[in-house]
Engineer: 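Below you'll find the structure I mean.
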Amino acid sequence: IGCFFRSAQAIAELENKTALSAEQINEMWDWAKASGYIDEKNFMRASAPIANHTMKLFGCKKKFYEVGTFQNGKIEYYKSIPPSMRRIDYCIQKIKTKYKAGTHFRVVDLKGNIIFDPDPRIEAVGVFYSILYCVVDI
């Protein structure tokens with residue numbers, strides 16, 4: 001779960017060209033748990049709120065929206081997403097690994113090129129899908 005959490009923070013860091021401190025990352029973890037975005041089993045319920053809270057920490061007037069998925073070379077936008085938001089600014093990819101946990105998340109482009117990996121030592125043995133995000137001014 002930490003890799004998904006850090007990837008959600010990373011897209012906001014990339015958008016702002018600013019990195020969170022270790023203290024800010026840990027404080028956000030506590031905020032996410034208290035807010036219910038990370039449950040008692042440490043499963044992350046939503047990623048856009050994590051990215052958006054990071055944007056607030058930076059004082060940025062932009063907001064992330066999860067707009068769809070990319071799987072097997074095909075983009076699927078969610079039906080609720082208006083045409084004006086059907087674009088891809090960031091992707092968080094879920095990969096299959098050979099390790100016990102079995103999955104890992106990282107920030108990639110649509111070609112699968114890694115932009116940010118919370119743990120670059122983890123080797124992918126397959127790709128499940130990518131979650132797609134757009135960023136809008138608020």
Side-chain angles (χ1 to χ4, degrees):
I1 190 64
C3 56
F4 194 19
F5 178 76
R6 276 299 294 138
S7 292
Q9 290 176 322
I11 59 176
E13 291 173 317
L14 290 163
E15 182 68 20
N16 286 281
K17 299 176 179 63
T18 305
L20 292 168
S21 68
E23 184 176 302
Q24 288 173 310
I25 293 167
N26 290 334
E27 287 173 0
M28 278 195 59
W29 179 269
D30 293 339
W31 167 84
K33 295 249 334 163
S35 300
Y37 294 116
I38 298 173
D39 69 16
E40 65 281 346
K41 294 181 181 179
N42 285 334
F43 290 116
M44 200 160 90
R45 298 289 178 202
S47 53
I50 305 301
N52 289 328
H53 191 70
T54 305
M55 299 294 266
K56 284 182 186 176
L57 285 177
F58 292 140
C60 186
K61 302 282 188 199
K62 294 182 180 182
K63 188 171 181 178
F64 281 87
Y65 290 91
E66 185 177 323
V67 296
T69 59
F70 180 72
Q71 187 174 19
N72 299 322
K74 186 177 179 189
I75 296 170
E76 286 281 335
Y77 288 105
Y78 302 138
K79 291 178 179 152
S80 61
I81 300 302
S84 63
M85 292 174 57
R86 290 181 182 228
R87 66 174 193 281
I88 302 155
D89 295 321
Y90 294 94
C91 304
I92 296 179
Q93 183 183 63
K94 181 178 182 180
I95 61 170
K96 181 178 176 143
T97 71
K98 62 182 177 181
Y99 305 107
K100 183 179 177 184
T103 62
H104 179 63
F105 291 89
R106 59 195 185 180
V107 180
V108 299
D109 64 18
L110 268 182
K111 293 180 182 176
N113 298 313
I114 299 169
I115 297 169
F116 170 83
D117 192 331
D119 188 346
R121 300 169 299 167
I122 295 177
E123 187 179 324
V125 296
V127 174
F128 288 108
Y129 56 84
S130 291
I131 304 165
L132 308 176
Y133 305 84
C134 77
V135 183
V136 298
D137 293 324
I138 53 172

Engineer: Lys41: what forms a side chain to side chain contact (heavy atoms under 4.5 Å, CB included) with it, not counting sequence neighbours?
Structural biologist: Asp39, Phe43
Engineer: Using the test salt bridge (charged side-chain N to carboxylate O under 4.0 Å, His left out), find all partners of Lys98 that sit at least two apart in sequence or belong to another chain.
Structural biologist: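 Scan of Lys98 (salt bridge (charged side-chain N to carboxylate O under 4.0 Å, His left out), adjacent residues dropped) gives Glu123.
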Engineer: With Ala19, which residues qualify under side chain to side chain contact (heavy atoms under 4.5 Å, CB included), at least two apart?
Structural biologist: Glu13
Engineer: Is it the case that one hydrophobic cluster holds both Ile95 and Met44, taking links as side-chain heavy atoms less than 4.5 Å apart, direct or via other members?
Structural biologist: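 Different clusters.
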Engineer: Which residues pass the side-chain hydrogen bond (donor to acceptor under 3.5 Å, both in side chains) test with Lys74, sequence neighbours left out?
Structural biologist: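 Once residues adjacent in sequence are excluded, the partners of Lys74 under the side-chain hydrogen bond (donor to acceptor under 3.5 Å, both in side chains) criterion are Glu76.
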Engineer: Let me confirm one number: the CZ-CE distance from Phe5 to Met28, rounded to the nearest 0.5 Å.
Structural biologist: 5.0 Å
Engineer: Can you give me the closest heavy-atom contact between Pro118 and Cys3, atom names plus distance?
Structural biologist: CG-O, 3.5 Å
Engineer: Identify all side-chain donor-acceptor contacts of residues 53-69 below 3.5 Å with residues at least two apart in sequence or on another chain.
Structural biologist:
from: Thr54; atom 1: OG1; to: Ile50; atom 2: O; distance (Å): 2.9
from: Lys62; atom 1: NZ; to: Glu15; atom 2: OE2; distance (Å): 2.9
from: Glu66; atom 1: OE2; to: Tyr78; atom 2: OH; distance (Å): 2.5

Engineer: Roughly how far, to the nearest 0.5 Å, is the CG atom of Leu110 from the CD1 atom of Ile88?
Structural biologist: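 Rounded to the nearest 0.5 Å, the CD1-CG separation comes to 4.5 Å.
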Engineer: Nearest 0.5 Å, what's the CZ-CD1 distance between Arg106 and Ile92?
Structural biologist: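 Those atoms lie 12.5 Å apart.
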Engineer: With side-chain hydrogen bond (donor to acceptor under 3.5 Å, both in side chains) as the rule and sequence neighbours excluded, what pairs involving residues 113-122 come up?
Structural biologist: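 Qualifying pairs: His104-Asp117, Asp109-Asn113, Asp119-Arg121.
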Engineer: Identify the heavy atoms of Val107 and Ala10 that sit nearest to each other, and give their distance.
Structural biologist: CG2-CB, 4.2 Å
Engineer: Suppose we screen for ring-ring contact (aromatic ring centres under 6.0 Å, His included). Which residues come up paired with Phe4, at least two apart in sequence or across chains?
Structural biologist: Phe105
Engineer: Applying side-chain hydrogen bond (donor to acceptor under 3.5 Å, both in side chains), name anything that partners Ser35, two or more places apart in sequence or on another chain.
Structural biologist: Trp31
Engineer: Output all residues satisfying side chain to side chain contact (heavy atoms under 4.5 Å, CB included) with Ser84, sequence neighbours left out; order by chain, then residue number.
Structural biologist: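 With neighbours one apart ignored, the set is Pro82.
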Engineer: Residues in side chain to side chain contact (heavy atoms under 4.5 Å, CB included) with Glu23, at least two apart?
Structural biologist: Ser21, Glu27
Engineer: Hey, can you pull the donor-acceptor pairs under 3.5 Å for the side chains in residues 125-138, sequence neighbours left out?
Structural biologist:
from: Tyr133; atom 1: OH; to: Ser47; atom 2: OG; distance (Å): 2.6

Engineer: Give every residue pair that meets the salt bridge (Lys or Arg N to Asp or Glu O under 4.0 Å) criterion with at least one member in residues 82-91, sequence neighbours excluded.
Structural biologist: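 As it turns out, the salt bridge (Lys or Arg N to Asp or Glu O under 4.0 Å) pairs with a partner in residues 82-91, which skip direct neighbours, are Arg87-Asp89.
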Engineer: When hydrophobic residues are tied together by side-chain contacts of less than 4.5 Å, even through go-betweens, does Tyr90 share a cluster with Ile115?
Structural biologist: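 Same hydrophobic cluster.
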